[in-house]
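Below: the structure, in structure tokens.
Whatever order the structure lists them in is the order used to number ligands and atoms, beginning at 1.
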Amino acid sequence: MPELAYVNGKIGPVEEAVVPIEDRGYNFGDAVYEYVASYGGRLFRLEDHLARLSRSMAGLFFPPVSIDQVRDAINELYRASGIERAGIYLQLSRGVDRRDHPFPKAPVPQLVMTVRPLKEKPAHLRKDGAAVITVTDFRWGRCDLKTVQLLPNVMAKQQALDSGAFDAVFVSDAGIVREATSSNFFIVSGGMLMTHPLTENILAGITRQVLLEIAAEQKIQVEERFFTLEEVFAADEAFLSGTTTEVLPVVTIDGNPVGDGKVGPLSEKLFATLRQAAQE
Ligand code: PLP
């Protein structure tokens, strides 16, 4: 199962893959990304990831990039890896140019990717649930665009790990619970699901979308609306959703229990249903 890298059409070992130092992704964070997972040899929801990639590029005024070519490149790299349960990281930068703030006159977007076996979350985390901390959301105002400018997320994740928690949840100045560092956030109250609406302050997670579809199929009521930490503590369950977190129960926040402090039944059911959908 080789771990492979892709740099503008060339596939090779990850250790040998390099990008020029004047790539704008490197100098300015002027790049967008996606992370796609496979289950049983098939890439899950690739088209949704490609659609989001297009939206992110449009949001940054990238020149047109052929999504058909990106799709072909992803499939080529994935086939070459032969990895059944893989994670593909894909990054598209605006291009390579002398370091200067204005966009290059004739930008040529650069595509780099890696493919490796996906690292599953530890079994104890799935069984016992995760502890999270809250941090004030100090990110920029376009968190709906999946750019590589992730320093606030990196800082918040490290703060969580340093305090013995799994992740950090961003809360706005006004007290609205938004999302975690690489996952969306849901609560369950009286059998109903609640999550932050799609605004410029959160990423439109693909897993979030799949869960909303599952909820609709299973006649589980959903409200996409703003909610506070107080409402989270009054809820029965909470969980994170994301490509690698899938559905990960949250049992404590800042050391205080959510619901009875145990993994809840709806979180467990949604995890199982998501896995089933991904493996079909
Ligand atoms: N929110 C943020 C900030 C993320 O970085 C991610 C994924 O990387 C998500 C939510 C979840 O998105 P998805 O379900 O598409 O993985």
Could you tell me which atoms of ligand 1, counted from 1 in the order shown, lie closer than 4.0 angstrom to a heavy atom of [X]?
| X | result |
| --- | --- |
| Thr243 | 13 (P), 14 (O), 15 (O), 16 (O) |
| Gly205 | 12 (O), 13 (P), 14 (O), 15 (O) |
| Ile206 | 13 (P), 14 (O), 15 (O) |
| Asn184 | 10 (C), 11 (C) |
| Glu179 | 1 (N), 2 (C), 3 (C), 10 (C) |
| Thr181 | 3 (C), 5 (O) |
| Thr207 | 13 (P), 14 (O) |
| Lys146 | 5 (O), 7 (C), 8 (O) |

Are Ile11 and Leu77 side-chain neighbours, meaning at least one heavy-atom pair lies under 4.5 Å?
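With C-beta onward as the side chain, the pair touches.
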Would you kindly specify which portion of Cys143 sits under 4.0 Å from ligand 1, judged on non-hydrogen atoms: side chain, backbone, both or neither?
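The answer is neither.
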Among Ile, Leu, Val, Met, Phe, Trp and Tyr joined by side-chain contacts under 4.5 Å, find the other residues sharing a cluster with Val14 and list them by chain and number.
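Via sub-4.5 Å side-chain contacts, Val14 links to none.
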Any sub-3.5 Å donor-acceptor pair from Asp144's side-chain atoms to Thr199's backbone N or O?
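It does not hold such a pair.
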Would the distance check show the side chain of Arg126 and the main-chain N or O of Val247 forming a donor-acceptor pair, the cut-off being under 3.5 Å?
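Present.
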Do any N/O atoms on Arg52 end up under 3.5 angstrom from N/O atoms on ligand 1?
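Right, the criterion is met.
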Quick one: nearest non-hydrogen protein atom to atom 5 (O) of ligand 1, plus distance?
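Looking at atom 5 (O) of ligand 1, the protein heavy atom closest to it is Ser182 CA, 3.5 Å.
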Test of understanding: clusters of I, L, V, M, F, W, Y form through side-chain heavy atoms closer than 4.5 Å, transitively. Do Val169 and Leu198 belong to the same one?
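In one cluster: no.
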Straight-line distance of Arg45 CZ to Arg52 CZ, nearest 0.5 Å:
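Separation between the atoms: 12.0 Å.
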Say whether Asp137 and Ser172, considering side chains only, have a donor N or O and an acceptor N or O under 3.5 Å apart.
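Checked: Asp137/Ser172 side chains show no N/O donor-acceptor pair below 3.5 Å.
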Is Tyr33 close enough to touch ligand 1? Criterion: a residue heavy atom under 4.0 Å from a ligand atom.
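Within the 4.0 Å threshold, so yes.
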For atom CD of Gln69, decide whether the heavy atoms of other residues, nucleotides or ligands shown that lie under 6.0 angstrom number more than 12.
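No, CD of Gln69 has 12 or fewer neighbouring heavy atoms, counting only those of other groups under 6.0 Å.
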